[in-house]
Structure formats: structure tokens, C-alpha cells
Amino acid sequence: MNIYETDLLLNQYLLFHYGTAEDQLPYSFGPQDALFYPSRCISDFLPSIGRVSRALDLGCAVGRSTFELTRWADDVIGIDLSSQFIAAAQAMQEAGEVQIRILEEGQRSTAVTRRLDPQIDRSKCRFFVGDALQVSPEFGTFDLILAANLIDRVPRPAELLREIKRLVRADGHVILASPYTWLEEFTPSESWLAHRTVRTLNRIQEILEPDLALVSAKDLPFLIREHARKYQWSVAQASLWRKR
Ligand SMILES: C[S@@+](CC[C@H](N)C(=O)[O-])C[C@H]1O[C@@H](n2cnc3c(N)ncnc32)[C@H](O)[C@@H]1O
């Protein structure tokens with residue numbers, strides 16, 4: 001079973017992408033700086049890159065980073081393997097708002113409607129169901145590619161990196177962000193990019209160089225609410241790369 005096709009994960013990701021601070025963390029204590037990760041993946045990097053023509057969000061889920069990219073790019077594509085995530089992103093694109101069922105405990109949940117910032121030009125993006133390991137050549141190439149929390153969710157991460165290398169234009173940028181949670185459930189251990197003595201970032205660098213150069217790397221915390229009293233707090237490593 002693909003967990004990303006379940007109702008539970010759909011609402012968890014809608015909340016992660018579109019919930020208010022209060023929806024996501026209803027306490028006065030807790031890691032407030034871990035909220036709004038899908039927006040921060042863009043806002044922490046794009047000011048230093050500037051405006052671009054075409055951008056791609058691989059593993060876009062329900063689409064928040066894709067919409068955020070439209071502030072910086074004229075043509076933005078979001079691709080995800082989950083048809084229900086893409087349907088939710090397209091529904092947000094159509095209506096500019098979405099219904100989220102926020103899980104409180106057991107079968108008790110709260111339904112809210114949350115709106116996308118009206119300043120976002122939703123007509124600038126398109127969403128597709130597809131495999132990030134095999135992006136159709138019809139999509140062309142991109143000035144900017146984001147892959148957030150994807151590399152440790154695919155069966156062949158090295159293949160994802162090679163595909164990204166192919167898809168990015170000369171002088172274009174790539175943002176890779178991930179907590180590197182390597183799990184057999186998604187990636188056979190022989191394909192993990194971390195080994196006994198090798199860190200994931202170093203292995204990524206080996207695969208991307210010499211075509212892409214590492215510009216910078218930083219820690220990006222994020223919080224996923226499971227229910228009112230249980231949260232996943234993670235720290236992604238976000239790295240920025242430039243194609244030579
Ligand atoms: C951990 S979620 C991260 C989603 C989003 N980028 C974020 O940061 O919230 C991983 C996403 O990758 C998608 N995914 C997994 N394998 C994929 C593949 N081969 N191609 C495209 N998307 C994939 C899943 O459906 C899911 O939406």
C-alpha cells in the first residue's frame with residue numbers, strides 16, 4: 001500500500017502545507033521555527049537566486065512549495081507520484097481554498113477551510129501525476145528544481161540525482177532538502193546514500209559533481225502534526241547547487 005494515497009496522510013500533508021500556526025501547533029510552547037517548511041524551502045533560497053523563467057517541484061505532494069515558486073518563476077511544474085495529492089493540489093489551484101480535517105485524537109477531528117495567499121498567481125503552475133525518476137522529456141528543462149523530502153522516499157536516490165542533473169539548465173539551481181531518514185520501506189539499504197563512513201551530503205556531492213557545484217547547505221527544521229498530542233520534529237539538511 002502507498003501511504004501517500006491514504007486519507008490520513010492527505011489530511012496530514014494538507015495541514016503541513018496550508019494550516020495556520022495555530023492549526024499545526026496549538027500550544028504556546030514548542031518549535032515554532034519548524035512551521036511552514038514548504039514555504040521556507042523557497043523563501044530561504046530564492047532571494048539569493050532571483051527571478052527565473054521555469055521551475056520544477058519534484059515530489060510536490062499537495063503543492064504548497066509549487067505555489068510559492070510562482071512568486072519567483074513564470075512557469076512552474078509540480079510532479080508527484082500520488083494521484084490523490086495531485087488532485088488536492090489541483091483542487092487548491094481551482095478554488096484557492098481547501099478543506100482540512102485536523103486530527104485531534106482517535107476518530108475526533110476538526111474541519112477547517114484554509115485559503116492560499118490571494119497574491120499568488122495560481123495560473124502560473126501546473127500539476128501532474130508522475131515519477132520523479134523518469135520525468136517525460138516533454139516537460140523540457142528548468143532554471144530551478146526543488147526536491148524537498150523526496151530523496152529518502154524513492155527506491156533509487158542516485159537515479160533521482162542523475163535525472164535532476166539532466167533536467168537543470170546551465171547556470172540553473174537545485175535545492176535538495178531532506179532529513180535523510182533512510183528506510184527499507186522506501187529504499188533498499190544497498191541504495192541508501194549514507195554508509196558506515198559516508199554522510200549523505202558527501203555521497204550526493206560525488207554523484208552531482210562535476211556538473212553541479214555545492215553553493216551552500218543549512219539546517220531546516222520542520223514539524224508534522226500527527227494528532228493534537230503527537231508531532232514529528234525533524235531537521236532537514238537543505239543544500240543549494242548550481243549547474244556549471
Ligand atoms: C515526504 S513527502 C514530501 C512532500 C513535499 N515535498 C513536502 O516537503 O512536503 C514525499 C512525497 O514524494 C512523493 N513521491 C514518492 N516517490 C515519488 C516518485 N518516484 N516520484 C514523484 N513523487 C514521489 C510522495 O507521493 C510524497 O508526496
Side-chain angles (χ1 to χ4, degrees), residues 1-19 24 34-45 55-69 76-90 92 98 100 114 116 125-136 139 142 144-164 166-167 174-188 191-193 200 219-226 231-239:
M1 186 195 56
N2 179 352
I3 56 159
Y4 295 114
E5 295 288 5
T6 62
D7 203 41
L8 183 73
L9 264 282
L10 174 63
N11 280 285
Q12 201 176 90
Y13 271 80
L14 286 173
L15 177 62
F16 182 44
H17 283 217
Y18 300 113
Q24 295 184 48
L35 301 177
F36 311 122
Y37 173 76
S39 303
R40 280 185 290 117
C41 283
I42 307 306
S43 61
D44 276 26
F45 289 102
L56 172 66
D57 182 6
L58 285 174
C60 65
V62 295
R64 179 61 184 269
S65 304
T66 316
F67 287 120
E68 292 297 325
L69 278 168
V76 187
I77 306 283
I79 294 179
D80 199 282
L81 206 51
S82 163
S83 46
Q84 76 154 359
F85 278 7
I86 290 297
Q90 287 169 335
M92 176 56 112
V98 68
I100 311 173
R114 293 294 172 246
L116 196 63
C125 59
R126 290 173 287 157
F127 293 98
F128 298 90
V129 176
D131 186 352
L133 301 184
Q134 270 186 309
V135 176
S136 165
F139 286 112
F142 297 87
L144 179 78
I145 299 177
L146 168 71
N149 296 9
L150 177 66
I151 199 163
D152 57 359
R153 289 294 173 269
V154 297
R156 294 178 302 283
E159 200 172 309
L160 173 67
L161 294 173
R162 282 184 210 105
E163 189 65 349
I164 286 173
R166 178 183 74 76
L167 289 163
V174 175
I175 302 166
L176 296 176
S178 168
Y180 309 142
T181 306
W182 298 109
L183 291 170
E184 280 278 0
E185 187 187 340
F186 298 102
T187 316
S191 299
W192 294 359
L193 299 185
T200 300
D219 295 327
L220 280 191
F222 66 92
L223 191 76
I224 295 182
R225 171 179 163 147
E226 289 190 20
Y231 298 79
Q232 299 167 19
W233 179 78
S234 310
V235 182
Q237 184 169 54
S239 52

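First listed ligand is number 1; within each ligand, the first listed atom is number 1. Keep in mind it's a predicted model, so treat the numbers as computed, not measured.
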With heavy atoms of [X] as the reference, note each atom of ligand 1 found under 4.0 Å away.
X: Gly59; answer: 4 (C), 5 (C), 6 (N), 12 (O), 22 (N)
X: Asp131; answer: 18 (C), 19 (N), 20 (N)
X: Ala132; answer: 18 (C), 19 (N), 20 (N), 21 (C)
X: His17; answer: 7 (C), 9 (O)
X: Phe16; answer: 9 (O)
X: Gly130; answer: 20 (N), 21 (C)
X: Ser82; answer: 25 (O)
X: Ala61; answer: 4 (C), 5 (C), 27 (O)

Any donor-acceptor pair under 3.5 Å from Glu5 side chain to Gln84 backbone: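 Pair found, side chain donor or acceptor close to backbone of Gln84.
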N/O donor-acceptor pair under 3.5 Å between Ser82 side chain and Tyr4 backbone: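 Indeed, once roles are kept as given, a pair shorter than 3.5 Å links the two residues.
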Aromatic ring proximity Tyr231/Phe222, centre distance under 6.0 Å: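 Between Tyr231 and Phe222, the centre distance exceeds or equals 6.0 Å.
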Aromatic plane relationship, Tyr37 with Phe16 - under 30° parallel, 30 to 60° tilted, over 60° perpendicular: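 Geometry flag for Tyr37 against Phe16: parallel rings.
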Aromatic plane relationship, Trp192 with Trp182 - under 30° parallel, 30 to 60° tilted, over 60° perpendicular: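 Trp182 and Trp192: parallel rings.
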Heteroatom proximity flag, Pro38 to ligand 1, N/O under 3.5 Å: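 It does not: no N or O of Pro38 is found under 3.5 Å from an N or O of ligand 1.
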Arg114 to Tyr18, cation-pi by 6.0 Å centre distance and 45° axis angle: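 No; the conditions do not both hold, so Arg114 does not lie above the ring face of Tyr18.
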Result of checking Asp80, Leu81, Leu160, Leu176 against Leu150 for side-chain contact (heavy atoms from CB on, under 4.5 Å):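 Answer to the side-chain contact (heavy atoms from CB on, under 4.5 Å) test with Leu150 among Asp80, Leu81, Leu160, Leu176: Leu160.
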Ionic contact status for Glu159 with Arg162, cut-off 4.0 Å: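 So Arg162 does not pair with Glu159 through a salt bridge.
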Nearest-neighbour protein heavy atom for atom 10 (C) of ligand 1, which is reported as residue plus atom name and distance: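 Among all protein heavy atoms, the one nearest atom 10 (C) of ligand 1 is Asn149 O, 3.4 Å.
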Nearest non-hydrogen protein atom, atom 22 (N) of ligand 1: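 Answer, as residue, atom name and distance: Leu81 N, 3.2 Å.
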Within-shell test, Tyr13 vs ligand 1, heavy atom, strictly < 4.0 Å: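 True for this residue.
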Shortest non-hydrogen contact between Phe85 and Leu10, atoms and distance: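 Heavy-atom minimum between the residues: CE1-CA, 3.6 Å.
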Side chain, backbone, both or neither: the part of Leu150 lying under 4.0 Å from ligand 1 by heavy atom: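 Leu150 to ligand 1: side-chain contact only, backbone stays beyond 4.0 Å.
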Nearest candidate to atom 13 (C) of ligand 1, where distance is taken over non-hydrogen atoms, out of Ile151, Asp80, Leu160, Leu58: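 Shortest heavy-atom distance from atom 13 (C) of ligand 1: Asp80.
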